[in-house]
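Some notes on the structure that comes next.
When a ligand or atom number is given, it counts from 1 through the structure's own listing order.
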Amino acid sequence: MGYRNKSVTVKVPATSANLGPGFDTLGIALDIYLEVKLSLSENDKIIYHGEGQDTINQNIKNNYVYKAIQLLFEKAGEKSGVHLEINNNIPVGKGMGSSAAAIVAGLFAANELIDNSFTAEELVNLAVKLEGHADNVVPAVYGGLTTAMIYEDQVYYQKISLPEELQIIVIVPDFNLPTEKSRSVLPEQLNLTDTVNNLQRACFLLASIFNGDFTHINKAMDDMIYQPLRKQFIPGFDEVLTAAKSNGALGAALSGAGPSIIAFAGGNADGDSIGEAMKKALLEQNVTSRIYNLHPNQHGIHLQTESM
Ligand code: HSE
């Protein structure tokens, strides 16, 4: 078979989910990446560099890229081993879509390598089943700002392009917050007022971005449902949001399940000062952190094939 002599490289963006009111729905792609190079090989060889390497290398066959490749191969009846090189710049366990990126990278790379048995739509549905939610998977694949809908077990999405000059400042605390822990405090039921408020804000946020009118996104990014419960895990959460906004951010929210916090700023804003102010607010609670000054990724996954 022809594909025995080729290698596939994929580059998948980090993502930030929810954006305040869009719980399990909205997501944006960011310009830092997970890169994976994959070819077939008699025996498995996996090399992992970058974010999370000390922990991930301790049990390398447990990483999501490899597990997703194995799953795809199993579905396609491919029994070969793999040569897999992973370079990861996405912070792991921080609410920046590292697991969604890994699953997407593994599935799309494996599929490309064995000559595309599955459509992109099928791969997205598979990735969402593995990941559990669509809000990181969809922007990781398609880029931009996406809104995902699960209807009768199928994933549907719409994408809006973000202004290129938009600055996205992400503050990444030096502790991990597993998604399961962050979800464990969510209520079983919601009250109608909070639900309506969130629905209004999510729709307002999407329409504001679509129209390029950022005037009120500060208000539209203020979630009523999960942030008030999750902020117990992030000392100084409210102060970080205030610091971001008082230094010129347009709006700020918990990034995905956290603990990272994301802020939007216009092209002319001083993104460095916003990041420093957010970092300082966390440090006042004895939490150290890293600042990422990012921009939107507009195109999502990038795949490249080479003959060997
Ligand atoms: N939307 C998810 C959550 C995170 O907030 O728990 C990413 O899928």
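For residues 9-35, the pairs satisfying ring pair (Phe, Tyr, Trp, His ring centres under 6.0 Å) are F23-Y226, with sequence neighbours left out.
In this structure a side-chain-to-backbone donor-acceptor pair under 3.5 Å is present from R230 to S182.
Ring-centre distance between Y142 and Y157: below the 6.0 Å cut-off.
Between the side chains of N198 and D223, at least one donor-acceptor pair of N or O atoms lies under 3.5 Å.
Heavy atoms of other residues, nucleotides or ligands lying less than 6.0 angstrom from CG of D153 number 12 at most.
For a heavy-atom separation below 4.0 Å, the residues in contact with ligand 1 are N18, F23, D24, H133, D135, N136, R183, R230, G256, A257.
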Item checked: Derivation and outcome, side-chain hydrogen bond (donor to acceptor under 3.5 Å, both in side chains), residues S39 and S7 -> CA-CA 5 Å; S39 54; S7 78; 5.8 Å; no
